[in-house]
Asker: 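Dropping a structure here in structure tokens format, bear with me for questions.
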Amino acid sequence: MFGLKSIAVLAASIAVLPGVRGQDVVLSDSYFFGQSEPVYPTPHGSGVGDWAKAYSKARTFVSRLTLDEKVNLTGGFRNLANGCGGNIPGVPRLGFAGLCLQDAGNGVRQTDYVNAYSSGVHIGASWNKDLTYRRAYQMGGEFRRKGASIALGPPMVGPLGRISRGGRNWEGFSNDPYHSGILAGISVQGIQEQGVISCTKHLVGNEQELHRNIEKDNQNNTILSSSSNIDDTTMHELYLWPFADALRAGSASVMCSYNRLNNSYACQNSKLLNGILKHELGFQGFVVSDWSAQHGGVASALAGLDMAMPFGATFWGNNLTQAVQNGTMPESQLDNMVTRIMAAWYHLGQDSPDYPPLGVGLVRNMLLPHAIVDARIPAARPVILQEAIEGHVLVKNINKALPLRTPRVLSLFGYDAVAPNFNTPNNTDWNIGVQSSSSRYYTCGFASTSSNTCPPPIPISPNGTMIMGGGSGAASAPYISAPFNAIQEKAIDDGTQLYWDFRNYDATGVVHAHSDAAIVFLNAAAGEGVDRPSLRDDFSDALVRNIAAQSNNTIVVIHNAGVRLVDQWIENPNVTAVIFAHLPGQDSGKALVDLLYGKVSPSGKLPYTVAKNESDYGVILNPRAETAPNGKFARFPQDDFTEGVYIDYRAFDAQGIKPRFEFGFGLTYTTFSFSGLGCRKANSRKLSTYPVGPIVPGGHDDLWDVVATVTAKVTNTGTVAAKEVAQLYIGIPAPGQPVRQLRGFEKVWIRPKETVNVEFKLKRRDLSVWDLNAQKWKLILDADFKIFVGSSSRDLPLTGALRL
């Protein structure tokens, strides 16, 4: 086992090549599958582009620090005086107050007087770029007003959604790297325009909750975190793709993940942090560990980790001070770490006297006096409602079941219709009825607070409607507009008679004989720390079948934290309409009523593929790792990403499997047609095979050059004004590439009989493949790219070709 001095000697002995800013950096021709190669030393931040001023200030600041002060800035400490999820101490003599790190991905967590925005999967289902920006901007403002320096996601682009049952898929935008990357970059921009550091997470390969942390077996043997073994091509073309977009947008922080990557912990994987993130992708900010994801001292510092959370003293602290003093680690490396942290602080203007005090108003305790800082502003209200509306996806609507038109009698069923039955100051994830940080959450299937009364482990939340998932990604909500409450308000206006049964969530509900329609409310829960046990639910499926047997106009609404199979009842003709309502945030019921009654037309599209059977997902269904007793990897779980880039719709296309509802699918209350496909190269000059521009955040600068443009016309052929998402897919003429992959989307609002033009700008990176030997993005020249434009990944009426 390497000692501190040995690690430094090892790092110094590795063959190196000329690198960044006069330093040396290890590069290699390939990534060994299952074995992560070493890359040392860590590239220093260069202050490229608009980072120059921040780096100048940071270097001056660091030059005035003592050794102990530098070490203190690299690790978290416990601060009971504020409500921050993580704290970095200040340096009062130099005017630095410290840093406050705070969750979550859909609003400020564990506090009051903030909004609970729609979850990542919901905004992904909206496919709306402008709405994504406005959401991020308003959220960023609330983080700022609450005194948070760093918003810990959004964006969350890892997991990408490889595993269909993954417990945290709901926090991300999409199962497609292009879709996820576009929304991630926009989110970074919105948050950081408020002066808040956006932390993009989790880098990389944390695609399941199974074996994400070190465990003990029955004999008290240590079992390491699962190793995500990813080949170099798959890493670049799939999992790193959205991170590059976030860095391009200026993300000042990146969080490394719990898992091992190619058998090296992600938070001390020098190939990932030094070689890819800080060299190849030109990252200028700092890397922070996920909470307790650091597993080594000097080794993690040399490998590229800059900040350890929640406690720096676990591995660093005095140990890091001694390592510098005895020469085990050069002080220049520590200076690099601290400079990156401080450069991010300066870059976002947090040295301004206008920035609120750290953690002001974050502490929440109804029983004790605390400062009240209301971070909500009126400008956020329309954003919260609109994002809630647009993330709903209508997947079935026959016999004009929707919209409802002043029904005389409605019957309502299902546990998901009503608000959770309690909300207390210290219950952080009350939306699913239990504290997700408690083991009760995992052992009781989200349904009970006592392990002695656990129902069957089904992925539902009988305690009430779901507006978000559970865990550190869940925000605090000031209220819940539940479906039942909102429908009651509409019933008052319309004079509708309501009947309801929310107590019997199995199959015992009775539909009133005079009902114009019966609406069944279900959910499919998920949360951090545990993967979903199933993509189906026998209890609520039985309820739907029972109601449909009594009513020939049964409407099903599912609040789902990811894929939810519907094969047990979707083809029943009495099930006339189905909405995947996802996780809409606090305005859930109000948004749903606007859709049900036709105030607005549904416009969401699925950001994942819904299969007919679980088996259709193949190897991308279940969390997995090779941990057979007495096996070679019994204590070293291995998860080989053998499917490569073929996840979600790419896998279904490659295997010729017809999905129930394809990626990008969604209905409206009108119809659209596509015409007028146009494809043209951006200019006549000869393009180079490989990028030649300087390295900036995100990679070579010319990877973002527009090299081609695709245009099309979309016509509203129906009678209702609505929004359509025009989607562009590309077939890249290179071995091993998917049949088609998303490379553009535009959401447009169109009046009846109106035609609008849509334009997709294709960048060099969009038409490139990762060249394993050259270790660069290779642009495919003198070959025909297949062009597909339409309304989903399977409905693509316009086809053409493009040659560069």
Asker: Using the ring-ring contact (aromatic ring centres under 6.0 Å, His included) rule, take Phe173 and His179 through it: C-alpha gap first, then chi angles, then the decisive distance, then the call.
Answerer: CA-CA 8 Å; Phe173 300 117; His179 187 197; 7.9 Å; no
Asker: Hey, is Lys686 close enough to Asp782 for a salt bridge, meaning N to O under 4.0 Å?
Answerer: yes
Asker: Does a donor on one side chain and an acceptor on the other come within less than 3.5 Å for Thr234 and Asp231?
Answerer: yes
Asker: Please say whether the positively charged group of Arg803, taken as NZ for Lys or CZ for Arg, lies over the ring of Phe785, i.e. under 6.0 angstrom from the six-membered ring centre and within 45 degrees of the axis.
Answerer: no
Asker: Measuring from atom CE of Met309 to atom SG of Cys256, what distance do you get when rounded to the nearest 0.5 angstrom?
Answerer: 12.0 Å
Asker: Under 6.0 Å between the ring centres of Tyr55 and Tyr346?
Answerer: no
Asker: Apply salt bridge (charged side-chain N to carboxylate O under 4.0 Å, His left out) to residues Arg162 and Asp639 and explain how you reach the verdict.
Answerer: CA-CA 12 Å; Arg162 170 197 182 223; Asp639 185 3; 2.9 Å; yes
Asker: Report yes or no: do Ser174 and Asp176 form a side-chain donor-acceptor pair below 3.5 Å?
Answerer: no
Asker: Please determine if Glu724 and Lys605 form a salt bridge, counting it only when a charged side-chain N lies under 4.0 Å from a carboxylate O.
Answerer: yes
Asker: For the NZ atom on Lys681, are there more than 12 heavy atoms of other groups (residues, nucleotides or ligands in this structure) within a distance under 6.0 Å?
Answerer: yes
Asker: Please confirm whether Tyr258 and Tyr265 have ring centers closer than 6.0 angstrom.
Answerer: no
Asker: Identify whether NZ of Lys or CZ of Arg in Arg740 sits under 6.0 Å from the centre of the six-membered ring of Phe788 and within 45° of that ring's axis.
Answerer: yes
Asker: Would you call Arg764 and Asp701 a salt bridge, taking side-chain N to carboxylate O under 4.0 Å as the test?
Answerer: no
Asker: Would Glu662 and Ser793 count as having a side-chain donor-acceptor pair, cut-off 3.5 Å?
Answerer: no
Asker: Under 3.5 Å, is there a donor-acceptor pair between the Asp290 and Ser257 side chains?
Answerer: no
Asker: Tell me every residue that passes side chain to side chain donor-acceptor pair (under 3.5 Å) with Ser56, counting only those two or more places apart in sequence or in another chain.
Answerer: none
Asker: Salt bridge (charged side-chain N to carboxylate O under 4.0 Å, His left out) for Arg59 and Asp335? Distances and angles first, verdict last.
Answerer: CA-CA 8 Å; Arg59 292 184 184 118; Asp335 289 347; over 6 Å; no
Asker: Check this for me: Lys778, atom NZ, are more than 12 non-hydrogen atoms of other residues, nucleotides or ligands nearer than 6.0 Å?
Answerer: no
Asker: Regarding Lys129 and the six-membered ring of Phe745, is the cationic atom NZ or CZ under 6.0 Å from the ring centre and inside 45° of its axis?
Answerer: yes
Asker: Please tell me whether Tyr649 and Phe663 form a close aromatic pair, meaning their ring centres lie under 6.0 Å apart.
Answerer: yes
Asker: Is a side-chain donor-acceptor pair under 3.5 Å present for Asp232 with Gln775?
Answerer: yes
Asker: If we count only N and O atoms by modelled type, under 3.5 Å, do the side chains of Tyr133 and Glu193 hold a donor and an acceptor together?
Answerer: yes
Asker: Salt bridge or not for Arg134 and Glu387, using N-O below 4.0 Å?
Answerer: no
Asker: Is it the case that the side chains of Thr200 and Ser251 hold a donor-acceptor pair, with the cut-off being a distance below 3.5 Å and no angle test?
Answerer: yes
Asker: I'd like to know if the side chain of Ser791 pairs up with that of Gln727 as donor and acceptor (distance under 3.5 Å, no hydrogens or angles considered).
Answerer: no
Asker: Checking side-chain polar atoms at under 3.5 Å, does Glu280 have a donor or acceptor matched by the opposite partner on His236?
Answerer: yes
Asker: According to the interplanar angle, ranging from 0 to 90°, do the rings of His582 and His122 count as parallel (below 30°), tilted (30 to 60°) or perpendicular (above 60°)?
Answerer: perpendicular
Asker: Say whether Thr42 and Asn274, considering side chains only, have a donor N or O and an acceptor N or O under 3.5 Å apart.
Answerer: yes
Asker: Could you walk me through whether Thr74 and Asp306 satisfy the side-chain contact (heavy atoms from CB on, under 4.5 Å) test, starting with their C-alpha distance in whole Å, then the side-chain angles of each, then the deciding distance to 0.1 Å, before giving a yes or no?
Answerer: CA-CA 6 Å; Thr74 66; Asp306 301 304; over 6 Å; no
Asker: Could you tell me if Ser36 and Asn269 have a donor-acceptor pair between their side chains, going purely by distance under 3.5 Å?
Answerer: yes
Asker: Between the side chains of Lys747 and Ser603, does any donor sit under 3.5 Å from an acceptor?
Answerer: yes
Asker: Rounded to the nearest 0.5 Å, what's the gap from OH on Tyr608 to CG on Asn175? Could you check?
Answerer: 9.0 Å
Asker: Do the rings of Tyr178 and Trp241 sit parallel, tilted or perpendicular, given the 30° and 60° boundaries?
Answerer: tilted
Asker: Report yes or no: do Asp351 and Trp345 form a side-chain donor-acceptor pair below 3.5 Å?
Answerer: no
Asker: Between Thr642 and Asp640, is there a side-chain donor-acceptor contact under 3.5 Å, judged purely by atom types and distance?
Answerer: no
Asker: Determine the sole option in Val789, Thr711, Thr709 for which the side-chain contact (heavy atoms from CB on, under 4.5 Å) test with Phe760 is passed.
Answerer: Val789
Asker: Do Gln35 and Asn263 have a side chain donor and acceptor closer than 3.5 Å?
Answerer: no
Asker: For Lys723, does the NZ atom have more than 12 heavy-atom neighbours from other residues, nucleotides or ligands under 6.0 Å away?
Answerer: yes
